[in-house]
Each structure stands twice: as C-alpha cells, then as structure tokens.
Amino acid sequence: FLTVDGEKMSKSKNNFYTIDDIREHQINPLALRIYFMGTSYRKPLNFTWDGATSANNIYTKIMSQAVSLYNNEVVGVINEKYVNDFKHAMCDDLNTARALAVVFELLGDKNISNADKYITLIDLDQVLGLDIEQNVIALSTIPNEIIELAEKRKTAKEVKNYKLADELRNEIDMAGYEMLDSSDGYKIIKKL
C-alpha cells in the first residue's frame, strides 16, 4: 500500500527511506503521521518528498497554533462538539483526513476561547499521536537570556530606537525564537 514516487518500495531499487533520511530533509518524523492520515487506509499511498514537506508544513502549523494557544495559568474545557465530530470521522471507516479537517475547524473557530481550543486539541491528540502537549511545553520554555533581549527590545521600541529594536529582534531570531507583537505586549515562541 506504500509506493515511492509511483514505484513499489524495495531495497533492490534503492527507493526506500529511513527516519534519518526524513530528518535530513528537515521533516519532523511526527509529520509522517499527518502524511499517512491524509489517505484512507484502504487506498495506496504514494510517498513523495513534496507530499512529506506538505505534511511537515501542516504539522508546523498545528504546533505553532498550539503554542500560541497555550497558557499554563488558564484551564480550558473540552469542546464536546469537536470531539464528537472527530469521533464521527474516525467511526466512518477511520476517515482520518476528515478527522484532521475537524482539527483545523477547531483551530479556526473564533467562538471558542484559546484555553478551550488548546485542551480540546490535546484531547484529540490522544488519537492523533502528535505529542502536542509535550512539544508545546518544551517550545514554551523560554531561556532568561531571550526574555532579557525581548525586554530590551520592548524598551527600545518605547523610546523609538527602532534600529536597536530591529537588531535585538534579529538576535532573538538567530537564537531560534520568534517575537510576536500584540496590542498588549509580546509573546516569544521557539521556532519549529
């Protein structure tokens, strides 16, 4: 059921890949789960690097949104509508593509609080197996040096020293973090 670039995978054709190959292509191995969920288990799946890269982009988008939703001080409530929609998709002959669509509907719903979205996503991840909660906590732990740079940048912006602010932002970026400015301050996230 798995082909590579339209051909049967085999050692003799040297068209098989390992997890190390996936990592060399800058693809998170967990993104392969999303790739495999995009097709029914009853249909053949043709592995291509473009498809794997696309799945990695989807994984990155889910993780980025999960990080932005995370707040360890706020407790959310699982949204039963999305849980039921997800269950219906899975009970429909393991329609994993539809189940993933439910995840994106949840993430895009403006009528649900961030805390409720996050806790519902974590609940759905018990089936998806993307280790969202563990990865979000790891990505949300920001070193003190980065926080200090962010505070210096904030101060530089307040005194209208935009050149210094840009330099500090670049330094934060080079360290592997991203500053997201908002009307009530900023948020720092680790880049995926």
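Hydrogens, waters and symmetry mates play no part in the numbers below; they use all other heavy atoms, side chains included.
With sequence neighbours left out, D109 forms a salt bridge (Lys or Arg N to Asp or Glu O under 4.0 Å) with no residue at all. Under the rule for a side-chain contact (heavy atoms from CB on, under 4.5 Å), the partners of A115 that lie at least two apart in sequence or sit in another chain are V74, S113. Partners of I34 under the side-chain contact (heavy atoms from CB on, under 4.5 Å) rule, at least two apart in sequence or in another chain, are A55, I58, Y59, I62, L100, L130. Applying the salt bridge (Lys or Arg N to Asp or Glu O under 4.0 Å) rule to E105 yields the partners R98; only residues at least two apart in sequence or on another chain are considered. Under the side-chain contact (heavy atoms from CB on, under 4.5 Å) criterion, N79 pairs with K81, Y82, I112, T120, not counting sequence neighbours. For D92, the side-chain contact (heavy atoms from CB on, under 4.5 Å) partners at least two apart in sequence or on another chain are N95. Residues forming a side-chain hydrogen bond (donor to acceptor under 3.5 Å, both in side chains) with E151 (at least two apart in sequence, or on another chain): Y186. Taking Y177 as the reference, nothing meets the ring pair (Phe, Tyr, Trp, His ring centres under 6.0 Å) condition, with sequence neighbours excluded. Looking at residues two or more places apart in sequence or on another chain, you find a salt bridge (Lys or Arg N to Asp or Glu O under 4.0 Å) between R169 and D181. Shown here are the salt bridge (Lys or Arg N to Asp or Glu O under 4.0 Å) partners of D93, two or more places apart in sequence or in another chain: R42.
Between H25 and W49, the two ring planes are parallel [angle under 30°; tilted spans 30° to 60°].
When side chains are defined from C-beta on, E148 does not count as touching I146, because their heavy atoms never get closer than 4.5 Å. Put simply, the side chain of N56 does not reach to within 4.5 Å of the side chain of Q26, judged on heavy atoms. Here the side chains of V127 and F86 are in contact, with some heavy-atom distance below 4.5 Å. Two residues are said to be in side-chain contact when any heavy atoms from C-beta on lie closer than 4.5 Å; L106 and K117 meet this criterion.
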Which pairs of donor and acceptor atoms, one on a side chain in residues 157-164, lie under 3.5 Å apart (sequence neighbours left out)?
from	atom 1	to	atom 2	distance (Å)
N161	OD1	L164	N	3.2

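I27 CD1 to I22 CD1: the interatomic distance, rounded to the nearest 0.5 Å, is 5.5 Å. Note that CG of D166 is 11.5 Å distant from CG of D173, once rounded to the nearest 0.5 Å. The line from CD of E80 to CG of D85 is 11.0 Å long, rounded to the nearest 0.5 Å. The structure places CG of L149 at 11.5 Å from CG of N170, a figure rounded to the nearest 0.5 Å.
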Item checked: From CA spacing to verdict: side-chain contact (heavy atoms from CB on, under 4.5 Å), V4, F16 -> CA-CA 7 Å; V4 176; F16 68 95; 5.9 Å; no
Exercise. What's the verdict on side-chain contact (heavy atoms from CB on, under 4.5 Å) for T48 and T53, showing C-alpha distance, side-chain angles and the deciding distance?
Worked result: CA-CA 9 Å; T48 64; T53 300; over 6 Å; no
(request) Kindly determine whether T96 and M90 satisfy side-chain contact (heavy atoms from CB on, under 4.5 Å), including the steps that lead there. (result) CA-CA 6 Å; T96 51; M90 295 303 288; 4.0 Å; yes
**Request:** Show your working on side-chain contact (heavy atoms from CB on, under 4.5 Å) between M37 and L128 and close with a plain yes or no.
**Result:** CA-CA 9 Å; M37 284 187 251; L128 297 173; 3.7 Å; yes
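Side-chain atoms of S68 come within 3.5 Å of backbone atoms of Q65 as a donor-acceptor pair (strictly under, hydrogens ignored). N46 places a side-chain N or O within 3.5 Å of a backbone atom of G6 that can act as its donor or acceptor partner. A side-chain donor-acceptor contact under 3.5 Å links R33 to the backbone of G129.
You'll find the ring centres of F47 and Y35 inside the 6.0 Å limit.
Transitive grouping of hydrophobic side chains (ILVMFWY, heavy atoms separated by less than 4.5 Å) keeps M179 and M174 in distinct clusters. In the hydrophobic cluster analysis, where Ile, Leu, Val, Met, Phe, Trp and Tyr join through side-chain heavy atoms closer than 4.5 angstrom, I119 is grouped apart from V75.
For the pairing with D125, the side-chain contact (heavy atoms from CB on, under 4.5 Å) check across V136, N135, I132, V103 returns one residue only, I132.
Pairs of residues two or more places apart, or lying in two chains, that qualify as ring-ring contact (aromatic ring centres under 6.0 Å, His included) and include a residue from residues 87-134 are Y70-Y118.
Smallest separation of non-hydrogen atoms from A66 and L121: CB-CD2, 3.8 Å. When every heavy atom of A99 is checked against every heavy atom of A89, the shortest pair comes out as N-CB, 3.6 Å. Listed here is the closest heavy atom pair of A156 and A165: CB-N, 3.9 Å.
In summary, the side chains of T18 and D21 do present a donor paired with an acceptor at a separation below 3.5 Å, with no hydrogens or angles considered.
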